[in-house]
Amino acid sequence: LEKMTDLVAVWEVALSDGVHKIEFEHGTTSGKRVVYVDGKEEIRKEWMFKLVGKETFTVGASKTKATINIDAVSGFAYEYTLEVNGKSLKKHMENRLKTTNTWLLNLGGTDYRVVLEKDTMDVWCNGQKLETAGEFVEDGTETHFSLGDQSCCIKAVSSGKRKEGIIHTLIVDDREIPEAVE
């Protein structure tokens with residue numbers, strides 16, 4: 001593998017199936033553009049006469065659309081911005097905080113990253129969408145699934161406050177797992 005001499009930007013994008021690393025090479029003399037997602041080459045253009053523009057590709061299991069914008073700032077300086085699903089990376093991350101819950105835990109020596117998509121109630125773990133069983137309980141709902149040989153449950157209860165909405169809690173072995181901030 002050749003050394004990435006023209007590496008100009010690296011981003012980390014958290015999606016339901018994991019945190020993905022996006023790397024971008026831009027040869028400002030040759031116009032070369034290379035996009036890597038999780039170390040795998042997605043786009044390679046060797047000679048581009050136009051040094052500004054955009055490159056669009058997909059990320060992760062859900063084939064989320066991502067675009068790198070290349071803009072000239074001044075002279076031979078360039079600015080690189082990443083958009084995810086048409087939003088700036090910052091807006092994408094803020095939106096994920098509202099629409100998902102993420103928990104990081106270790107069970108029996110295995111690390112798990114569990115993500116709840118609140119709109120669909122889909123549960124993802126380490127890149128895979130899990131089989132779940134939902135049930136209504138006295139104070140809300142419970143979504144049951146397994147991690148290894150552990151049975152797990154995400155409880156959804158109303159906070160009683162309209163602004164806060166529903167509180168989701170991951171419970172493993174009668175133990176509450178604190179939510180992670182990515």
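Closest approach of W11 and Y80 over heavy atoms only: CZ2-O, 3.7 Å. When all heavy atoms of W103 and E179 are compared, the pair lying nearest together is CD1-CA, 3.5 Å. Heavy-atom minimum distance, D111 versus N126: O-ND2, 3.0 Å. Annotation for R113 and A14: closest pair NH2-CB, 3.8 Å, computed over non-hydrogen atoms. Residue R33 comes nearest to V52 through the heavy atom pair NH2-O, 2.9 Å, listed as atom of the first residue, atom of the second, then distance. Considering every non-hydrogen atom in both A156 and H168, the closest pair reads CB-CD2, 3.7 Å.
Counting only distance, with no hydrogens or angles, the side chain of S159 and the backbone of I167 share no donor-acceptor pair below 3.5 Å. At distances below 3.5 Å, not a single donor-acceptor pair connects side-chain atoms of N101 with backbone N or O atoms of L116. Checked by atom type and distance alone, the side chain of S146 never pairs as donor or acceptor with a backbone atom of G148 at under 3.5 Å.
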### Query
Yes or no on side-chain hydrogen bond (donor to acceptor under 3.5 Å, both in side chains) for E94 and H92, after CA distance, side-chain angles and deciding distance?
CA-CA 6 Å; E94 288 169 0; H92 165 77; over 6 Å; no
#### Entry: Steps toward salt bridge (charged side-chain N to carboxylate O under 4.0 Å, His left out) verdict (E46, K32)
CA-CA 4 Å; E46 285 299 340; K32 175 180 85 170; 5.5 Å; no
### Message
Assess the residue pair D122 and K129 against the criterion (salt bridge (charged side-chain N to carboxylate O under 4.0 Å, His left out)); give the C-alpha distance rounded to whole Å, side-chain angles, the decisive distance to 0.1 Å, and a yes or no.
### Response
CA-CA 7 Å; D122 286 340; K129 195 156 94 174; 3.5 Å; yes
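The distance from atom CD of E142 to atom SG of C152, rounded to the nearest 0.5 Å, is 12.5 Å.
V13 places a side-chain heavy atom less than 4.5 Å from the side chain of L89. Contact check for T143 versus M121: side-chain heavy atoms found under the 4.5 Å cut-off. Proximity of I22 to L82: side-chain heavy atoms (C-beta onward) are separated by under 4.5 Å at one or more points. V8 places none of its side-chain heavy atoms less than 4.5 Å from the side chain of Y78.
Side-chain contact annotation: E117 with T100, donor-acceptor N/O pair under 3.5 Å absent. In the model, H26 has no side-chain atom that pairs as donor or acceptor with a side-chain atom of D6 under 3.5 Å. Side-chain polar atoms of E12 and H20 form no donor-acceptor pair below 3.5 angstrom. Side-chain atoms of N69 and E83 form a donor-acceptor pair, as typed in the model, at a separation below 3.5 Å.
Scanning for side-chain hydrogen bond (donor to acceptor under 3.5 Å, both in side chains) contacts around R96 gives an empty result, with sequence neighbours left out.
In the hydrophobic cluster analysis, where Ile, Leu, Val, Met, Phe, Trp and Tyr join through side-chain heavy atoms closer than 4.5 angstrom, L107 is grouped together with V123.
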